Structures are given as structure tokens and as C-alpha cells.
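Worksheet: one structure, shown below.
Everything quoted here is computed from the prediction, not taken from an experiment.
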Amino acid sequence: MSSCGGENAVEQVSEMLIKFTDSGLIDPGALAEAESDQWDRITPKKIMVATIQIILRLRWENGMSTIEQVAPAHVHAISRSDLLEITKALLGSDQSADSDELFASRFSLPNVMRLLSALFDEESISSEEARYLISSAVDFCKESLQGGNLLRRGVEFGPWDIGEVDISGLDLVDLGGILVPPASGMIFRPVEVNGEMIAATLVQGDTALQLQAFIASEETVWEVVRADMISKMRKQGNSVETIVDKAGIEIRATVSVMTEPGATGTRDIRVLGSDGPGWMLRAVVSGSGASPGGDDEWAYKTFLGAVVARRSLSRKGDVITLRLPKM
């Protein structure tokens, strides 16, 4: 293997994991490739590390709030103390020189595969779910993996939960359930249903950003919402793809819109999403900020700088309601 990418990478990593789980053996050629120090390439080991990080972050955000809980209960050939230190480093909470040394001495490919297999087993992850996680990890590796650090929402960047930051010293525009960084000339437009403000469209220049926050459930996590939106868009004949950018995995699509009675056109959109503790924040970007090759950073900065506060819920109880800011 000279490199990994796309469906080919998912197949290669899946096959390696199946063979390792069944026999404990690793192909010598794959071992040499995976242990390569050529970090400008997407190697099987890098993909597996990213997959582990995704699962650990999901465990953390789903209520396993300590390193002891997030780490798998047992991994053959890795001591409990080392396993906890590795987990801490993978979650991004240990950036010391000691953690780098630990990776070098303990995070060999067999140990990576042992850890990933243990997590798959504890989470009862099916083969289909495993392929999806590995595919997501490939996407992250293509754009975001820099020296092994990923998925640091709540650590280095947002969207934030109000319990994760001290907002008293921050300059934020209060929309009730969502607080956002201010921007010169930003306009707010409410999205209301039956008298409740369930979303807000923020406009700056030629870019619009619609924000909506949901209480987390099996149906309202970004992975599920993203898959559902992609399926519906494709059934409607729209062009859709997922990529990894500044806000993680996002949807980019060209959708059909009614331009005037009897006439249709197309519009580029980007859909961003993030899972937080007990909530999911979704944003739809349109206008110049969604155009291919566009360099409008305002939408990303606003989304990543947002703070979610579960202050009141809609009558249905699944949407965090908003209000217009006091000007």
C-alpha cells in the first residue's frame, strides 16, 4: 500500500481489523506501511487512531465524564495506567512531552488495533457502523489530522456549552438558547413556528447563517441528522457531498430552489453540525460563504464561537428556543 484514501482505505483498514481480531496477525507489509513516519500521508495506523478518537469523544459526550469511564475496561497487553494516559492524550487533555514519549513506546500498531477492537466490542459496534466510523476517520485524516490531534470541541474550540466557558468576560450577542460572537453589520432574522422562535438567521454581507439547537436524542445527533439530510437531498436529485473543514464533517450541496413562480434555480449551501453535552447545534450556510472556493470565514467563526444554553424548550421539547437580541 502506498497510500490510503476514500473507499479503498475503508476496505483496507476493515480487512486488517477483521484479520487481527480473528487471528491476532498483521500482514508484514501493512505493518511497515502503518508504522511509517511519513505523516503527510494517510496511513492505516493514522486512520485507526482517528477512529479511536471519534469513539472516545462520543463516549465522553454521551455521559462518560471521566477518563476512567471513557477508556475501555480492558485492553490486552496494555497496562491500565498506560491505557488511561493514552486515553487522556487522545482526548487532547494531555499535551506534555511525557505523553509524546508514551505514544512512541506504547502506541504501536498492534496496540492501536487492540484498543480499537476493545472499543468496538464494548460499544457493540456492527460491521456497518464500523465502516461508517472508519470512513469518517478517513475524512478527518484528509483535512484535519495534524500530529494526532482531532475532535477538540470543548477543549480548544467550540461550539461551546455554557457550562464549559465563563461568559461574563466575553462579548457575545444573547439569543437566549444560543449566544454568538458579534460582527459589524450583522442582521438577525427570526424563524418562528406557532409563535415560538426555533431558529435564527444571521446575515452579514452576502452570507447567511441559520442556527438551530436541539436537545440531544437518538435522532438528534449530528451523525444521524447528517445522514438523514444527505439521503433526503439525494432523493430530491440534488448534488451532495461530505467533506472535512474547520467545523469537522460538513455537508456541501447544490440544491434546487424556486426563484420565482414557475421558475427554478440552484443554490449552494453548507450544513455544519456539532454535538455538545446534551445538545446538537446545526447551521446552514448560504450565499457567498457557501460558494465553492469561497473564503468567507465569518460563518465558521460564528459557528465555532457559539455558546449553547439550554434555557427553554419548544412545546414539543426537542428544540432549544431563541429570542431576538436586545439592541
Self-check item: Criterion side chain to side chain contact (heavy atoms under 4.5 Å, CB included) on I215 and R310, from CA distance to verdict
Solution: CA-CA 8 Å; I215 292 296; R310 291 180 290 172; 3.4 Å; yes
Self-check item: Straight-line distance of L17 CG to S127 OG, nearest 0.5 Å
Solution: 12.0 Å
Practice problem: May I have the step-by-step check of side chain to side chain contact (heavy atoms under 4.5 Å, CB included) for M229 and R282, ending in yes or no? | Solution: CA-CA 12 Å; M229 292 185 71; R282 185 183 68 188; 4.0 Å; yes
Exercise. Measure the spacing between CD of E196 and CG of L313 and express it to the nearest 0.5 Å.
Key: 9.5 Å
Quiz item: Just by distance, do the side chain of T254 and the backbone of S239 share a donor-acceptor pair under 3.5 Å?
Solution: no
Quiz item: Is there a path of hydrophobic side-chain contacts, each under 4.5 Å between heavy atoms of I, L, V, M, F, W or Y residues, that connects L281 with V284?
Solution: no
Quiz item: Does any pair with a residue in residues 182-192 pass side chain to side chain donor-acceptor pair (under 3.5 Å), and if so which ones, sequence neighbours excluded?
Solution: none
List the atom pairs, with distances to 0.1 Å, where a side-chain N or O of residues 315-323 and a protein N or O form a donor-acceptor pair under 3.5 Å, not counting sequence neighbours.
from	atom 1	to	atom 2	distance (Å)
R315	NH1	N194	O	3.1
T321	OG1	S312	O	3.2
T321	OG1	S312	OG	2.5
R323	NH2	D174	OD1	3.4
R323	NH2	D174	OD2	3.1

Exercise. Verify the distance criterion only: is there a donor paired with an acceptor across the side chains of S291 and D268 at less than 3.5 Å?
Key: no
Practice problem: Check whether any side-chain N or O of S135 sits under 3.5 Å from a backbone N or O of R131 as a donor-acceptor pair, and report yes or no. | Solution: no
Practice problem: Mind listing the closest non-hydrogen atom pair of A71 and L83 along with its distance? | Solution: CB-CG, 4.4 Å
Quiz prompt | Closest non-hydrogen atom pair, P159 against F303 | solution = CG-O, 3.4 Å
Quiz item: Among the clusters formed by ILVMFWY side chains lying less than 4.5 Å apart, do V257 and I269 turn up in the same one?
Solution: yes
Practice problem: Specify the closest pair of heavy atoms between P190 and L324, including all atoms of both residues, with the distance to one decimal. | Solution: CD-CD2, 4.0 Å
Quiz item: Side chain of N238, backbone of S256: donor and acceptor closer than 3.5 Å?
Solution: yes
Quiz item: How about R252: does its CZ atom have over 12 heavy atoms from other parts shown lying under 6.0 Å from it?
Solution: yes
Practice problem: Report yes or no: do M64 and L119 belong to one cluster of Ile/Leu/Val/Met/Phe/Trp/Tyr joined by side chain heavy-atom distances under 4.5 Å? | Solution: yes
Self-check item: Heavy-atom donor-acceptor pair, Q69 side chain to T66 backbone, under 3.5 Å
Solution: yes
Quiz item: So do the side chains of F188 and L175 get within less than 4.5 Å of each other, counting heavy atoms only?
Solution: yes
Quiz item: Residues two or more places apart in sequence or in another chain: which of them pass salt bridge (Lys or Arg N to Asp or Glu O under 4.0 Å) with K301?
Solution: none
Quiz item: Any donor and acceptor pair, going by atom type alone, linking the side chain of S231 with main-chain N or O of A227 inside 3.5 Å?
Solution: no
Quiz prompt | Side chain proximity check, T51 to F120, heavy atoms < 4.5 angstrom | solution = yes
Quiz item: Hey, any chance M186 and L304 share a hydrophobic cluster, counting ILVMFWY side chains that come within less than 4.5 Å of each other, even indirectly?
Solution: yes
Quiz item: Any side-chain heavy atom of D82 sitting closer than 4.5 Å to one from S79?
Solution: yes
Practice problem: Tell me, please, which residues at least two apart from A199 pass side chain to side chain contact (heavy atoms under 4.5 Å, CB included). | Solution: V191, Q210, Q212
Quiz item: Is it true that R59 and E122 make a salt bridge, defined as a side-chain N closer than 4.0 Å to a carboxylate O?
Solution: yes
Exercise. May I ask you to say whether E68 pairs ionically with R80, meaning some side-chain N is under 4.0 Å from a carboxylate O?
Key: yes
Practice problem: Could you tell me whether E223 and R226 have a side-chain N and a carboxylate O separated by less than 4.0 Å? | Solution: no
Practice problem: Quick one: name the residues clustered hydrophobically with I187, using the 4.5 Å side-chain heavy-atom rule over I, L, V, M, F, W, Y, and just say none if it's on its own. | Solution: V203
Quiz prompt | Any M48 side-chain heavy atom under 4.5 Å of V13 side chain | solution = yes
Quiz prompt | Over 12 foreign heavy atoms within 6.0 Å of CD, E128 | solution = no
Self-check item: Verdict with supporting geometry, T201 and L209, side chain to side chain contact (heavy atoms under 4.5 Å, CB included)
Solution: CA-CA 6 Å; T201 300; L209 174 72; over 6 Å; no
Exercise. Take V307 and D161 through the test side chain to side chain contact (heavy atoms under 4.5 Å, CB included) and record every step on the way to the result.
Key: CA-CA 5 Å; V307 177; D161 183 80; over 6 Å; no
Practice problem: Just jot down the side chain to side chain donor-acceptor pair (under 3.5 Å) partners of S126, sequence neighbours excluded, or say none. | Solution: E129
Quiz item: Is the shortest heavy-atom distance from the side chain of I251 to the side chain of R270 under 4.5 Å?
Solution: no
Quiz prompt | Nearest-0.5 Å distance, CG of residue L179 to CD1 of residue I162 | solution = 6.0 Å
Self-check item: Closest contact, heavy atoms only, R267 versus S286
Solution: CD-CB, 4.3 Å
Quiz item: Q236 side chain to M233 main-chain N or O, any donor-acceptor pair under 3.5 Å?
Solution: no
Exercise. Consider only side-chain heavy atoms of I, L, V, M, F, W and Y, link residues closer than 4.5 Å, and tell whether V180 and M280 are in one cluster.
Key: no
Quiz item: If you look at every heavy atom in W298 and L202, which pair is closest and at what distance?
Solution: CH2-O, 3.4 Å
Self-check item: R57 (side chain) donor-acceptor with L90 (main chain) under 3.5 angstrom
Solution: no
Quiz item: What is the distance from atom CG of L133 to atom CD1 of I47, rounded to the nearest 0.5 Å?
Solution: 13.0 Å
Quiz item: Is there side-chain contact between I55 and L116, with heavy atoms separated by less than 4.5 Å?
Solution: yes
Quiz item: Are the side chains of V224 and E218 in touch, meaning some heavy atoms are under 4.5 Å apart?
Solution: no
Exercise. Drop me the distance from L115's CG to H76's NE2, to the nearest 0.5 angstrom.
Key: 13.5 Å
Quiz item: Does a donor on one side chain sit under 3.5 Å from an acceptor on the other, for T207 and S288?
Solution: yes
Quiz item: Do I67 and W60 come within less than 4.5 Å of each other through their side chains, counting heavy atoms only?
Solution: yes
Quiz item: Going from CD1 on I178 to CG on L211, what distance comes out if it is rounded to the nearest 0.5 angstrom?
Solution: 5.0 Å
Quiz item: Just by modelled atom types, is the W222 backbone N or O under 3.5 Å from a matching donor or acceptor in the D275 side chain?
Solution: yes
